[in-house]
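Presented below is the structure to which this report refers.
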Amino acid sequence: MHSMLRVATWNVNSVKARKERFLAFLHRQRPDIVCLQELKGLEEIFPLAETKAAGYHAAIHGQRTYNGVALLSREPIAQVVKGFDDAGDETAARFIGGTTMGVRAYSAYIPNGQAVGSDKFAYKLEWMRRLRAYFDARHRPNEKILLAGDFNVAPEDRDVYDPEAWRGQILFSEPEKAALAKICGFGFQDTFRKFHEEGGHYSWWDYRQLGFPKNRGLRIDFIFATAPLWERCSAASIEREERKGTLPSDHAPVLAEFDG
DNA sequence: ATGGTTGCTTAGCAA
């Protein structure tokens, strides 16, 4: 691994709609590895020329209208995987991985689930089960692995602006929290919580009902790292500024830094 | 200011 590794994850909610903001973010923050979610388009809508000019290699798993994930890196990306390759449903482009800059990195967009008890909720839990199974089958927790993305689950009360109102609801139900804990049980730790213990830090705010101005948010975007990386994590942040201004994504980017 | 989303695709869905 390199002497310093800066990693970012961001659900951009359409890379086409967010193109200028996203490129400005790349130039301002200069992350080494970037995990993107909700591209909402095929690879042809991704600003490949601009990201290449900014110094990035890219691996894209696109999809028309929905989903879509990408991995960017300052160095070439090897052994790219798209989807779980486990005989389950692969119609949704929600998972991409690659080896770059001395680590194995994955960008994941966990299904939203819509409502507890719905068909989409069952799909979400099954997708999360498959995510854990993927790591059990392909990796060991002593490898340097990053798993970053929009998990659509807030793990604890301190990650929710009004936990009593949200308790049992979608994004904050017990089965979802258990499924996320199971994924982390592989050996992933939350880089943000290494440095920030208190509540009030969120990564997503609903566009509706003045969610952001009222800071009615949830922390559902994470950069998880296995122990060999987590131990070297030296900083983590949520870039709340990116949620401000004209036509932002409903998610803020999350950053983490690792010392080599 | 007594309200109040956005994006994709084109009226309705997803988040």
Side-chain angles (χ1 to χ4, degrees), chain A residues 9-25 35-48 50 60-70 83 89-96 107-128 131 148-155 159-163 165-173 175-177 179-180 202-222 238-254:
Chain A
T9 184
W10 196 6
N11 177 325
V12 291
N13 185 23
S14 169
V15 74
K16 195 172 175 183
R18 224 63 60 207
K19 179 180 166 183
E20 295 311 321
R21 288 187 81 115
F22 163 59
L23 293 171
F25 170 79
C35 298
L36 299 173
Q37 302 85 38
E38 273 210 273
L39 304 180
K40 285 189 167 179
L42 295 167
E43 181 159 354
E44 64 209 42
I45 60 108
F46 194 89
L48 272 175
E50 292 90 338
I60 317 254
H61 188 21
Q63 183 182 340
R64 181 180 153 90
T65 312
Y66 306 111
N67 310 314
V69 287
D89 173 61
E90 297 283 12
T91 57
R94 295 180 174 276
F95 189 63
I96 189 167
S107 176
Y109 176 42
I110 279 68
N112 172 282
Q114 200 163 63
V116 173
S118 66
D119 289 350
K120 286 177 180 170
F121 184 72
Y123 179 82
K124 177 180 196 171
L125 295 180
E126 171 63 7
W127 199 94
M128 295 178 80
L131 181 59
D150 174 3
F151 287 75
N152 270 317
V153 181
D159 301 310
V160 179
Y161 76 90
D162 185 351
W166 277 87
R167 202 171 306 288
Q169 303 299 309
I170 195 66
L171 311 185
F172 198 52
S173 74
E176 291 164 89
K177 290 185 225 177
L180 183 59
Y202 310 126
S203 65
W204 168 83
W205 299 260
D206 200 312
Y207 282 129
R208 296 163 291 190
Q209 275 130 359
L210 301 176
F212 185 70
K214 293 180 175 177
N215 199 28
R216 293 180 174 177
L218 274 64
R219 198 175 69 92
I220 58 176
D221 299 85
F222 308 103
I238 299 173
E239 297 303 308
R240 201 174 184 283
E241 291 295 309
E242 292 294 343
R243 185 62 174 76
K244 298 179 179 176
T246 307
L247 294 177
S249 168
D250 47 351
H251 294 254
V254 179

For atom [atom1] of [X] and atom [atom2] of [N], their distance in whole Å:
| X | N | atom1 | atom2 | answer |
| --- | --- | --- | --- | --- |
| A:N67 | B:dC13 | CG | C1' | 13 Å |
| A:H251 | B:dG7 | NE2 | P | 13 Å |
| A:Q209 | B:dT6 | CD | P | 13 Å |
| A:K40 | B:dT10 | NZ | P | 14 Å |
| A:L210 | B:dT2 | CG | C1' | 12 Å |
| A:D250 | B:dG7 | CG | C1' | 10 Å |
| A:Y123 | B:dA15 | OH | P | 10 Å |
| A:N13 | B:dT9 | CG | P | 13 Å |

Hey, is the main chain of A:G113 close enough, under 3.5 Å, to the side chain of A:S118 for a donor-acceptor pair?
yes
Name the one of A:R21, A:R18, A:E242 that satisfies side chain to side chain contact (heavy atoms under 4.5 Å, CB included) with A:P248?
A:R21
Taking only side-chain nitrogens and oxygens of [X], does any of them come within less than 4.0 Å of OP1 or OP2 of [N]?
| X | N | answer |
| --- | --- | --- |
| A:R18 | B:dG7 | yes |
| A:K120 | B:dA14 | yes |
| A:T65 | B:dG7 | no |

Counting side-chain heavy atoms from CB outward, which of [options] is closest to [X]?
| X | options | answer |
| --- | --- | --- |
| A:L247 | B:dG4, B:dT6, B:dA15 | B:dT6 |
| A:Y66 | B:dA15, B:dA14, B:dG7 | B:dA14 |
| A:R64 | B:dG7, B:dT5, B:dT9 | B:dT9 |

How far does the [atom1] atom of [N] sit from the matching atom of [M], given to the nearest Å?
| N | M | atom1 | result |
| --- | --- | --- | --- |
| B:dG3 | B:dC8 | P | 30 Å |
| B:dG7 | B:dA11 | C1' | 14 Å |
| B:dT9 | B:dG4 | C1' | 24 Å |
| B:dT5 | B:dT10 | P | 23 Å |

Do the side-chain N and O atoms of A:K40 and A:N13 include a donor-acceptor pair separated by under 3.5 angstrom?
yes
What is the distance from atom CG of A:L180 to atom CZ of A:F151, rounded to the nearest 0.5 Å?
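Result: 7.0 Å between the selected atoms.
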Separation between CH2 of A:W205 and OH of A:Y161, rounded to the nearest 0.5 Å
13.0 Å
Could you check whether A:F212 gets within reach of a base, just the sugar-phosphate, or nothing at all, counting any heavy atom under 4.0 Å?
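It contacts nothing in the nucleic acid.
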Starting at the 5' end of DNA chain B, which residue's closest nucleotide do you reach first, A:N152 or A:Y207?
A:Y207
If you find the nucleotide of DNA chain B closest to A:P111 and the one closest to A:S14, which residue's nucleotide is nearer the 5' end?
A:S14
When you look at A:L48 and A:E43, which way does the side-chain contact (heavy atoms from CB on, under 4.5 Å) test go after all the steps?
CA-CA 9 Å; A:L48 272 175; A:E43 181 159 354; 3.9 Å; yes
